Amino acid sequence: MRVGMPHMGNLYIPFKALFQRLKVDFVIPPVSNQRTLSLGARYSPEGLCIPFKMTLGNLIEAAEMGANTLLMPGGDGICRLGYYTKVQEQILHELGYNVEIIQLGVSEHKFAGLLGIIKRVSNNAPWPRIISAFRFGLAKLNSLDTIERLVQKVRPVELVKGTANQLYAQAVRAIDKAEDYNLLKKVKKDYVSQLNRVTRNSQARPLVVGITGELFVLLEPFSSFDVERELGKMGVEVRRSTFLSEWTKFSLFLNPLGINEKDRIHKAALPYLKRDIGGDGWESVGEKVLHAGEYDGLVHLAPFTCMPEIIAQNIMPSTREKIPVLTILCDEQIAKPGILTRLEAFVDLLQRKRRAEENNNQRVAI
Ligand code: SF4
């Protein structure tokens, strides 16, 4: 059995660690790129959302590399995500690939469901080995997210532009290579310390911009034009509340115990939206309401034709909590230069707004 799965940010790293320890033949398709998107768009039904196209492109690439068992995150949600696996499997069969797609329905079957799938693809590995391998994968995920959070803080204030990105790329490679807990701990400590030592502009007061929207485009930089990095280059501190390690911790372990990290955010959205609308639409509205007082602005990432995010986009202007929102529709028809121009204009608007508020405050003080 050769196992493959699509990309979503750095998710392949913990899965690679898990499968290496279980001696599963794991195929990693190339990091998402223009070919992935072109392949996905060419074989997708018209009008489907970009997560479908990107993951289909990855699955085709994995099948080209010989994978015959493909793991695909999915679910029974309100939007079309529930149909992904079946449709993608049919497309792959029509293209001549003799593959099986196993749906990772993490949100329904939780930890036990995921372990059952790992047991199956690992040819019935013993439970203690599966649990130990799973824990090591989680440790890698935690380390990756710790480093990424720090990079988000350093990027906008570093004196030599690009330093944090370089360190981040090195850290990701080193975490991927770390073969045991000691090495992993050492790598994490080393890169945290290097990032903390990056020379910063002490005068900088970066704008703070939140990033919200649909999970896949939030976590897969290629599909969202790498907006976080681009904002960082423009001297903006980006805050994102969704990280894979947190999401895994809650989805697999804490949600089944009745602890829902999203309660606060749903409550914030309630005056404007009273129920789940699928995907992450409810959360997008809640994020705006909850953080309007903390952020200078919000970038809302929405796959083109994504029903939940279209609803969220239409509700956002009517909330009492006012904060500028830039919605970016992610799709293969949209070119990055156009997105950069919009980001620059948005940052310019936020800077003017901040200056105007500071001038007003000074006048009041006089
Ligand atoms: S949430 Fe939106 S982008 Fe994600 S699968 Fe559903 S419709 Fe597609």
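Order of appearance sets the numbers: ligands from 1, and atoms from 1 within every ligand. Note that the coordinates shown come from a computational prediction; the quantities given were computed from them, not determined experimentally. Heads up: numbering here begins at 1 and tracks the sequence.
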Atom 5 (S) of ligand 1 sits nearest the protein heavy atom Tyr84 OH, 3.2 Å
In chain order, what residues pass the ring-ring contact (aromatic ring centres under 6.0 Å, His included) check against His300, with sequence neighbours excluded?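 For His300 there are no ring-ring contact (aromatic ring centres under 6.0 Å, His included) partners, ignoring immediate neighbours.
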What is the total of protein N/O/S atoms that are closer to atom 8 (Fe) of ligand 1 than 2.8 Å? 1
Classify the ring geometry of Phe26 against Phe15: parallel below 30°, tilted from 30° to 60°, perpendicular beyond 60°.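 Because their plane-to-plane angle lies in the 30° to 60° range, the rings of Phe26 and Phe15 count as tilted.
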Using the ring-ring contact (aromatic ring centres under 6.0 Å, His included) rule, collect all pairs that involve residues 42-96, keeping only residues at least two apart or in two chains. Phe52-Tyr84
Between Arg173 and Asp176, is there a side-chain N and carboxylate O pair less than 4.0 Å apart? no
Does the distance from a Lys or Arg side-chain N to an Asp or Glu carboxylate O, for Glu357 and Arg354, drop under 4.0 Å?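 No salt bridge links Glu357 with Arg354.
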Would you please name every residue forming a side chain to side chain donor-acceptor pair (under 3.5 Å) with Arg205, sequence neighbours left out? Glu358
